[in-house]
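Because the structure is predicted, anything quoted here is derived from the model rather than measured. Lettering follows sequence order; numbering is per chain, from 1.
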Protein chains: 2
Amino acid sequence: MESKDEKIKIVRGIPEPTLRRLPVYHQYLRELEQKKVFFISCTAIAADLKLIPIQVRKDIEMTGVVGRPKIGYSVKQIIDGIEEFLGWKKSSEAFLAGAGSLGAAILGYQGFKEYGLDILAAFDNNPAKAGTIIHGRKVYAMEKLPDLIRRMKVKIGIITVPAVSAQKTADIMMDAGISAIWNFAPVKISPFGGVIIQNENLAASLAVLSKKLKVMQAAENIRP
Amino acid sequence: MESKDEKIKIVRGIPEPTLRRLPVYHQYLRELEQKKVFFISCTAIAADLKLIPIQVRKDIEMTGVVGRPKIGYSVKQIIDGIEEFLGWKKSSEAFLAGAGSLGAAILGYQGFKEYGLDILAAFDNNPAKAGTIIHGRKVYAMEKLPDLIRRMKVKIGIITVPAVSAQKTADIMMDAGISAIWNFAPVKISPFGGVIIQNENLAASLAVLSKKLKVMQAAENIRP
DNA sequence: TCCTAATAGATATTTATTTATCGATATAAA
DNA sequence: TTTATATCGATAAATAAATATCTATTAGGA
């Protein structure tokens, strides 16, 4: 039990906001690397990304990368450190369920592969879509999903089906042995058997934007 | 200055996590309403959404809706309260820049309209796309964007262009008088003139998923 | 009519995250 | 070689968010 508890502690020990900032650093540092910048201080990173140096330093600290006073960090070391830390070094294979416009967008989104996500194929309930190719990936009938998950030992499922069938699709995936689900349907999915669910909620982001806009416009009306 | 400061305080006073949970309640309560459920307790909401009652109560409190002991809240009142609170009652018109697969997905995403977002048209740099129709919305040449923003007084811009042209597109929008930008390009956009930027970062979510998966798999290797 | 239990609302506590402070270290200039 | 300074790393404080506790209210049954 001890080792399990320890693991849980480690998971809880990484602030999710930090995890969300790491890809931002990663992208930025890759750009720097192309510009032949090999060392950088957290102060400079913070200035460019509009963060504060202390936060950048703490985030980098999480990855285990160390810097040198007066010099800063090795750009390459942070890039590698982030990739290693987030598990991007060994690519994970994924299946995508729901080949509608959102599914197609995700299949077409460049760069997931460099984040360790390799979407092998798509699945759709619409028989007319079966056999087609979207952004280089074949679309199969949904019936084939569980069997292919088992045979290919795929561990990540991406759900881009309509809200009503999201839980059913997730259940199929989890039954077949999926370990993690990235859910773009606007409903929360109930996991079982320790499966990891990451809900992507576009409405939530829109809510933040709407509220800020509303408050801003209210403020303008007070002081035009 | 006082009123401005006050407004800022109000903005800061709403926890962003609460703002992100409100659409989840909204969606859930609309389903309840269709099932002819008219009153509900925070305990019941929490149980269904896998949250805790206290958090639900605090979130609802933010919208100004009050409940009654032993009865709970009026479902309709919360729905209306959330819509009012987030500014979804009066629809905001938006333009979308970048009619690629992600842009098309967003144009096709049902339900934004009920969240007060009305995407009027799309714009693209590719001349071949100009004049086409995607999910019922016309695609214009990017050159026409600033003029149309000014003439139609559109306040929200949605960016789904590639990373390299994201800032340029945002600059065009901000110059033309856009108040808020919803940015799906994987780069952070620098605002000016008090423009609100909401960055949607798919890589960030993927990072959280990757890390949890990595930790889980590491734990499995320790105890198979 | 009175009592019980469920529930909202207010207040307090805990936890997580961000931000600040301080000391140590290594480079570069004097 | 010495000194000044930029920087990291560790520790501490402040802030934000989540959770727990307590109090008051009210429907519904005894």
Side-chain angles (χ1 to χ4, degrees), chain A residues 5 8-22 24-25 29 32 37-78 81-82 85 204 207-208 211-212, chain B residues 5 8-22 24-25 29 32 37-78 81-82 85 204 207-208 211-212:
Chain A
D5 284 5
I8 288 167
K9 208 184 291 171
I10 291 168
V11 180
R12 301 180 60 92
I14 306 151
E16 187 163 320
T18 294
L19 289 180
R20 297 187 69 89
R21 281 189 297 268
L22 291 178
V24 178
Y25 300 133
L29 292 166
L32 275 191
V37 178
F38 299 119
F39 286 90
I40 187 140
S41 70
C42 63
T43 317
I45 296 174
D48 282 351
L49 298 179
K50 292 161 200 90
L51 298 169
I52 64 166
I54 303 144
Q55 188 167 57
V56 175
R57 206 152 62 217
K58 288 219 116 190
D59 287 340
I60 293 172
E61 193 188 322
M62 282 288 171
T63 68
V65 174
V66 295
R68 286 199 299 164
K70 192 78 180 180
I71 295 292
Y73 300 90
S74 151
V75 171
K76 182 163 170 30
Q77 272 182 23
I78 311 182
I82 290 173
F85 184 71
V208 177
K211 182 63 190 176
K212 286 182 186 166
Chain B
D5 283 6
I8 288 166
K9 209 185 290 172
I10 291 168
V11 180
R12 301 181 61 91
I14 305 151
E16 187 164 318
T18 293
L19 289 180
R20 297 186 69 87
R21 281 188 298 267
L22 291 178
V24 178
Y25 301 133
L29 291 166
L32 275 191
V37 177
F38 300 119
F39 286 89
I40 187 141
S41 70
C42 65
T43 318
I45 296 175
D48 282 351
L49 298 180
K50 291 163 199 88
L51 299 169
I52 66 166
I54 303 144
Q55 188 167 57
V56 175
R57 207 151 62 216
K58 287 218 118 193
D59 287 341
I60 293 172
E61 194 188 322
M62 283 288 171
T63 68
V65 174
V66 294
R68 285 199 298 164
K70 192 78 181 182
I71 294 289
Y73 300 89
S74 151
V75 170
K76 182 163 170 30
Q77 272 183 25
I78 310 181
I82 289 172
F85 184 71
V208 177
K211 182 62 190 178
K212 286 181 185 166

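- To the nearest 0.5 Å, atoms CD1 (A:Ile45) and CG (A:Leu51) are separated by 9.5 Å.
- Straight-line distance from the CD1 atom of B:Ile54 to the P atom of C:dT13: 15 Å, rounded to whole Å.
- Note: CZ (A:Phe39) to P (D:dC8) measures 12 Å, nearest angstrom.
- Among the nucleotides C:dA8, D:dA10, C:dT18, the one closest to the side chain of A:Gln55 is C:dT18.
- Taking atom CG on B:Asp59 and atom P on D:dT19, their separation rounds to 11 Å, with Å as the unit.
- For the pair B:Leu22 CG and D:dA17 P, the computed distance is 13 Å after rounding to whole Å.
- Contact annotation for B:Arg68: backbone-only contact, meaning every heavy-atom pair under 4.0 Å involves sugar-phosphate atoms and none involves a base.
- Atom NZ of A:Lys70 is separated from atom P of D:dT3 by 16 Å (rounded to the nearest Å).
- Note on B:Ile52: only backbone sugar-phosphate atoms sit closer than 4.0 angstrom, heavy atoms only; bases stay farther off.
- Place A:Gly72 and A:Lys58 on DNA chain D by their nearest nucleotides, and A:Gly72 ends up nearer the 5' end.
- Listed here is the closest heavy atom pair of A:Pro53 and A:Ala46: N-CB, 3.4 Å.
- Relative to the side chain of B:Val66, the nucleotides D:dT26, C:dG9, D:dC8 differ in distance, and C:dG9 lies closest.
- When each of A:Thr63, A:Ile60, A:Val65, A:Asp59 is paired with A:Ile82, the side chain to side chain contact (heavy atoms under 4.5 Å, CB included) condition holds for A:Thr63 and for no other.
- Summary of the strand contacts: B:Ile71 and A:Thr43 both lie near DNA chain D, and taking for each the nucleotide with the nearest heavy atom, the more 5' one is attributed to A:Thr43.
- In this structure, the CE atom of A:Met62 is 12 Å from the C1' atom of C:dT18, given to the nearest Å.
- For the pair B:Arg21 and D:dA18, the criterion of a side-chain N or O lying under 4.0 Å from OP1 or OP2 is met.
- For the pair A:Ile45 CD1 and D:dT7 P, the interatomic distance rounds to 11 Å; values are reported in whole Å.
- Side-chain contact between A:Phe85 and A:Leu19 is present, with at least one heavy-atom pair separated by less than 4.5 Å.
- Shortest non-hydrogen contact noted between A:Ala204 and B:Arg20 is CB-O, 3.5 Å.
- Between B:Tyr73 and C:dA6, a side-chain N or O to OP1/OP2 separation shorter than 4.0 Å is absent.
- Taking atom CD of A:Glu16 as the reference point, atom P of D:dA17 lies 14 Å away to the nearest angstrom.
- Across the interface with DNA chain C, nearest-nucleotide mapping of A:Arg57 and A:Thr18 shows A:Thr18 to be the residue nearer the 5′ end.
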